[in-house]
Amino acid sequence: MPEPSYLDTARGRRLAYHRTEGTGPLVVFLGGLKSDMEGTKALHLEAWAQGRGRNFLRFDYSGHGQSSGAFEDGSVGEWAEDAADMLAAMPDDRLVLVGSSMGGWVSLLMARRLGARVAGLVTIAAAPDFTEDDWWGGMTETEKAEMARLGRIERPSDYDDSPYIITRKFIEDGRRNLVLRDPLPLSMPVRFLHGTGDTTVPTALALRLLEHAEGPDMRLTLVDGADHRFSDETCLALITDTVEEVLVRIP
């Protein structure tokens, strides 16, 4: 695999990335919690971009993959800052964001922050506001007391041998970045993808997001039986087909 390029941000973070040069809007993959840019979906999109001669970017948030920092020190807001810094360093005036799981939340924050520069949006098993609705909302009183006493709790992960470390900072920062409590205008072509077999982010959240967001061209596609990874051959083909659909619909 080729060595990544690096962006040194004004916040003191060193972010690793791979850029594929091509034509059209810059398609940007925004990964999920504890995922990195070497994941199946990121590499599939890169291969698609190389085959179609399209602009494409994949990168690691701080505390992820080959970027600087420790995961436990991060939060959704800081990873959104990483995304904003990375996109600010790119010369492209139009972006198509493809956000997976937590990256779906980050992509919505970027759409709110960057306005018309975001020309298209695709989310995959998007998990907006999960720190409040799932993590904090799902904590027992014992866990909340432990959080108050220690500033952190541990939870097992379905996708990693090591547990998730949930910090007070993570919860409090999440509250400052919620997107489902206030109006969420999305003026660009938007496609939400979600699997009915997703046990990490329930289908109900995909429906809530569709109903909450406001825009002229939004669709939700549910894939029967697909799990949260959304990475089998059928799902991967659907992702790239959907990105191509969004690209065609950009004026």
Side-chain angles (χ1 to χ4, degrees), residues 6-17 28-37 39 58-89 97 99-114 123 125-182 184 200-202 205 208-209 212 228:
Y6 288 92
L7 173 69
D8 293 307
T9 75
R11 307 174 206 273
R13 303 170 194 161
R14 196 162 200 247
L15 305 179
Y17 70 94
V28 183
F29 182 73
L30 299 162
L33 187 71
K34 298 191 82 172
S35 298
D36 60 44
M37 62 175 171
R58 57 185 171 99
F59 71 97
D60 287 328
Y61 310 114
S62 54
H64 291 70
Q66 299 172 75
S67 291
S68 67
F71 172 80
E72 294 175 21
D73 295 334
S75 61
V76 171
E78 292 185 0
W79 297 325
E81 290 174 351
D82 291 343
D85 289 343
M86 181 62 70
L87 296 176
L97 305 181
S100 175
S101 192
M102 184 194 73
W105 185 359
V106 172
S107 71
L108 294 168
L109 290 169
M110 291 300 98
R112 190 165 68 183
R113 180 180 304 196
L114 300 179
T123 69
D129 297 9
F130 73 86
T131 54
E132 189 69 12
D133 296 329
D134 182 16
W135 283 7
W136 180 255
M139 283 185 196
T140 65
E141 292 304 315
T142 299
E143 288 176 319
K144 290 180 179 179
E146 182 180 351
M147 177 74 77
R149 186 175 71 256
L150 301 177
R152 56 185 277 166
I153 65 169
E154 295 185 3
R155 276 191 172 177
S157 167
D158 293 334
Y159 305 101
D160 197 326
D161 292 336
S162 58
Y164 283 140
I165 306 297
I166 305 176
T167 64
R168 183 189 296 116
K169 170 187 172 180
F170 208 125
I171 297 296
E172 293 175 348
D173 177 82
R175 288 186 181 132
R176 292 190 289 271
N177 289 281
L178 301 175
V179 296
L180 296 178
R181 272 69 176 174
D182 298 310
L184 183 61
T200 301
V201 180
L205 182 55
R208 180 184 174 193
L209 175 57
H212 178 75
H228 188 64

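Quick note: residue numbers are just sequence positions, from 1.
Leu150 CG to Thr167 OG1: the interatomic distance, rounded to the nearest 0.5 Å, is 12.5 Å. Atoms CZ and CE, from Arg152 and Met147 in turn, are 10.0 Å apart once rounded to the nearest 0.5 Å. Between atom CG of residue Asp133 and atom CG of residue Leu178 there is a gap of 7.5 Å, rounded to the nearest 0.5 Å. In this structure, CG on Asp129 lies 5.0 Å from CZ on Arg181, to the nearest 0.5 angstrom. Atoms CG and CG, from Leu108 and Leu30 in turn, are 10.0 Å apart once rounded to the nearest 0.5 Å. Note that CG of Leu184 and CG of Leu209 are 7.0 Å apart. Values are rounded to the nearest 0.5 Å.
Proximity of a side-chain donor or acceptor of Asp60 to a complementary backbone N or O of Asp36 within less than 3.5 Å is not detected. For the pair Thr123 (side chain) and Gly104 (backbone), a donor-acceptor distance under 3.5 Å is absent. Judged by distance alone, the side chain of Asp173 and the main-chain N or O of Ser75 form no donor-acceptor pair under 3.5 Å. Between the side chain of Arg58 and the main chain of Met37, a donor-acceptor pair closer than 3.5 Å is present. Of the possible donor and acceptor atoms, none in the side chain of Ser100 sits under 3.5 Å from a partner among the backbone N and O of Gly31. With hydrogens and angles ignored, the 3.5 Å screen pairs a side-chain donor or acceptor of His212 with a backbone N or O of Asp182. The backbone N or O of Glu132 lies less than 3.5 Å from no partner atom in the side chain of Arg175, so there is not a single donor-acceptor pair.
Ion pairing between Glu143 and Arg155 holds under the 4.0 Å rule for side-chain N and carboxylate O.
The stretch residues 131-156 participates, sequence neighbours left out, in these ring pair (Phe, Tyr, Trp, His ring centres under 6.0 Å) pairs: Phe130-Trp135, Trp135-Tyr164, Trp135-Phe170.
Closest approach of Ser67 to Ala16, counting heavy atoms only: OG-N, 2.8 Å. Between Asp73 and Glu78, the closest heavy-atom pair is O-OE1, 3.4 Å.
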Listed pairs under 3.5 Å, donor-acceptor, residues 79-86 side chains, sequence neighbours left out:
unit_1	atom_1	unit_2	atom_2	d
Trp79	NE1	Ser62	O	2.8
Glu81	OE1	Arg13	NH1	3.3
Glu81	OE1	Arg13	NH2	3.1
Asp82	OD1	Arg13	NH1	2.8
Asp82	OD2	Ser62	N	2.8
Asp82	OD2	Ser62	OG	2.6
Asp85	OD1	Arg11	NH2	3.3
Asp85	OD2	Arg11	NE	2.7

When you look at Tyr61 and Val106, which way does the side chain to side chain contact (heavy atoms under 4.5 Å, CB included) test go after all the steps?
CA-CA 11 Å; Tyr61 310 114; Val106 172; 4.1 Å; yes
Can Met139 and Ile153 be said to form a side chain to side chain contact (heavy atoms under 4.5 Å, CB included), step by step?
CA-CA 10 Å; Met139 283 185 196; Ile153 65 169; 3.7 Å; yes
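Within the 4.5 Å cutoff, side-chain heavy atoms of Leu87 are placed close to those of Leu97.
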